[in-house]
Structure formats: C-alpha cells, structure tokens
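Below you'll find the structure, written out as structure tokens, and then a few comments.
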2 protein chains.
Amino acid sequence: MNEAITHFKVPVEREPREACLGPDGSVAHVTRILRMITGRWKLPILFRLFAEPSMRASQFMRDIPDISQKMLTQHLRELEYDGLVARRDFGEQPPRVEYGLTVAGRGLMPVLMAMREFSKHYPKCPTDDDER
Amino acid sequence: MNEAITHFKVPVEREPREACLGPDGSVAHVTRILRMITGRWKLPILFRLFAEPSMRASQFMRDIPDISQKMLTQHLRELEYDGLVARRDFGEQPPRVEYGLTVAGRGLMPVLMAMREFSKHYPKCPTDDDER
DNA sequence: CGGCATCCCTTATGATACTG
DNA sequence: CAGTATCATAAGGGATGCCG
C-alpha cells in the first residue's frame, strides 16, 4: 500500500528550511546579523563605543537619553554575548566596569556605515522609478 | 472604510532623539534601514525576489515554508510602502498580481550581501582577541 | 556604581475563517 | 488567486524597587 495512487499529499519531506535561504544561506546569515544589532538601543550603544573606545555604564546613561538601566545592561549583555562588545570588570570597590568594542564589533561598523550610506541615497520612497 | 489598504502599522516616527545619533545621524539612518528589513519574512521575500525578478503571492507561499498568507501580504505591503518592492496588479480575473524589486530594492541587496559576508567572517563569537 | 528582579504594556507574529 | 478580518499569543520594552 505504498503505491503510486496518492490521493493525498505525500509526506513531502519539507527541507529543513534549506529552501528560501538564498545563496550561501544568505537569509540565515543576514538574519543573524540583524538579530545582533536589532534592539531599541543596540545602535546608540555601538556608535557610542565607536566614538569612545571605553565607556562605563554611567556614561551610557548620560549620553543616551531615555535609556533605562535595565535596557542598557540587557543590551550590553546581548552585545557581549554576540561578541561585539567586551566587558571589563576591574573588581574594584566601588564597582568599576568598562565596555568597549571587540575586533568583531569594530569590523561591523563598516557594514553599518554602508547601511547609513544606502539610507542617504534613498531619502524617501523613490516613487518615481518604482517599476520593476 | 473606503480607505487605503493599510494592513500594517504605519511607522510611527519615534521622537527625534537628536542626541546619540552618531555622526551624520548614523543611528537614525541605520535604524531606518533596519526597520525596513526587520521582520520574520522580510529577508526571505527580498532574497526570493532577488533570484526571481517577478513573483506571485502563490509562488511565495510555495517557496517560503511556514509563512502565512496574512504575514506574506503584510510584509509585502510594508516592503512596498518602504519602496523596496513594487506591486503590479494586472486587474485580471482571476486575480493576477506580481511583485518585484524596485531600483531601491535592488540597491539594497549589496548591503545585505555585505552583512552576509560579515557574518561569514565571524562564524562564532571570536573569543580569542576580544580585548578592546 | 552596576546590576538583578518584578510587574505591566505595546507590538509582532500566528491561527483561522471569510470575501470578491 | 489574492486579500481581509478577528482573535490569541509571544516577544520586546519600560517603570520601579532592592542588593552588594
């Protein structure tokens, strides 16, 4: 009873999301990067560290308006986890912790710059030559 | 209810956080791009259109596993709103609608490729030279 | 100073059923 | 085939208080 007449959907083994991933698993790769830099305060933090090699939590709080300490810590942790930011605890009293970009973090900046340039090139939705 | 088809949340322009915007308002610009390509199915759609110049809704449904029709339409609308994708309704019966990348959409691809390359370059969190 | 925990709200995303 | 409408749930974000 494993014959041809399939009146039903043959268990078409769905590829493990392999499809639609684009060349070289582009989608997966880009998604990974997006996850790393997506977050209400990820960019402000990264760009701040790009300008200032070493930053303390209190400095971020001062330089980034409206950010809460919770979100600051949380996003710093995520960035650290993703290897973009390095955390350095001096183990002093009172506490002293400094943050900085990792090699990867610095390597990411050019990509962000590319995104910025693209944004500049398309100030608004180019309603003119929108035809495919 | 004779309004435009706004199936999605119109980008509620966040407050003009002038500060911490980085050089040239980098943060704002990059954030804008991120907002355009962030979404569970934005990348699969874009990369699919990059490979296939013209796509119909049903094709997306076939090529992108697990995507629901609602999300497909919603994300296509958003991409269209942001000027990355062009929608072409042939006004036929039965319905025939085709989607394709706009000039801006095609211009974005190199940026996405750059992100992919970066991802490849840092396969994992580079725990070696993480020091600032 | 830095950081963690809790409660709560706004969105993003999903499941499902329906229309032209 | 393409798209709409509703309801339900998950994830992101924010306010606040306590700790070493």
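So you know, we letter chains A, B, ... as the sequences are listed, proteins then strands, and number each from 1.
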Between protein and nucleotides 14-20 of chain C, what N or O pairs are separated by less than 3.5 Å?
from   : atom 1 : to      : atom 2 : distance (Å)
C:dG14 : OP1    : B:Arg40 : NE     : 3.4
C:dG14 : OP2    : B:Trp41 : NE1    : 3.1
C:dG14 : N7     : B:Lys70 : NZ     : 3.1
C:dG14 : O6     : B:Lys70 : NZ     : 2.1

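- What separates CG of A:Leu72 from P of C:dG2 is a distance of 9 Å, to the nearest Å.
- With C:dT13, D:dA2, D:dG13 as the candidates, the nucleotide lying closest to the side chain of A:His75 is D:dG13.
- The aromatic rings of B:Phe118 and B:Tyr122 are tilted relative to each other, their planes meeting at an angle between 30° and 60°.
- With sequence neighbours left out, the salt bridge (Lys or Arg N to Asp or Glu O under 4.0 Å) criterion links B:Arg96 to B:Glu92, B:Glu98.
- Scored by the side chain to side chain contact (heavy atoms under 4.5 Å, CB included) test, B:Glu117 finds B:Lys120 as partners (sequence neighbours excluded).
- Whole-Å rounding puts the B:Arg77 CZ to C:dT13 C1' distance at 17 Å.
- One finds a side-chain N or O of A:Ser58 lying less than 4.0 angstrom from the OP1 or OP2 phosphate oxygen of C:dG2.
- As rounded to whole Å, 16 Å separates atom P of D:dA11 from atom NZ of A:Lys42.
- A:Asp89 places its CG atom 16 Å from the P atom of D:dG20, with the value rounded to the nearest Å.
- Listed by chain and residue number, nothing satisfies the side chain to side chain donor-acceptor pair (under 3.5 Å) test with B:Thr31 (two or more places apart in sequence, or in another chain).
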Using side-chain contact (heavy atoms from CB on, under 4.5 Å), reason through A:Phe47 and B:Leu21 one step at a time and then give a plain yes or no.
CA-CA 8 Å; A:Phe47 275 98; B:Leu21 291 187; over 6 Å; no
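- Where B:Gln59 and A:Thr38 each meet DNA chain D at their nearest nucleotide, the meeting point lying more 5' is that of B:Gln59.
- Distance B:Glu80 CD to D:dA2 P: 15 Å, rounded to the nearest Å.
- In this entry the distance linking CD1 of B:Ile45 with P of C:dT13 reads 11 Å, nearest Å.
- Dashed line: the shortest gap from a side-chain N or O of B:Arg96 to OP1 or OP2 of D:dA2 is not under 4.0 Å.
- One interatomic measurement links the two molecules: CZ of A:Arg88 to C1' of C:dG2, which rounds to 17 Å at whole-angstrom precision.
- With sequence neighbours excluded, the residues that form a side chain to side chain contact (heavy atoms under 4.5 Å, CB included) with A:Arg62 are A:Ser58, A:Gln59.
- Side chain of B:Asp82 to main chain of B:Leu84: no donor-acceptor pair is present (N/O by atom type, distance under 3.5 Å, no hydrogens or angles).
- If you measure from atom OH of A:Tyr99 to atom P of C:dC1, you get 14 Å, rounded to the nearest angstrom.
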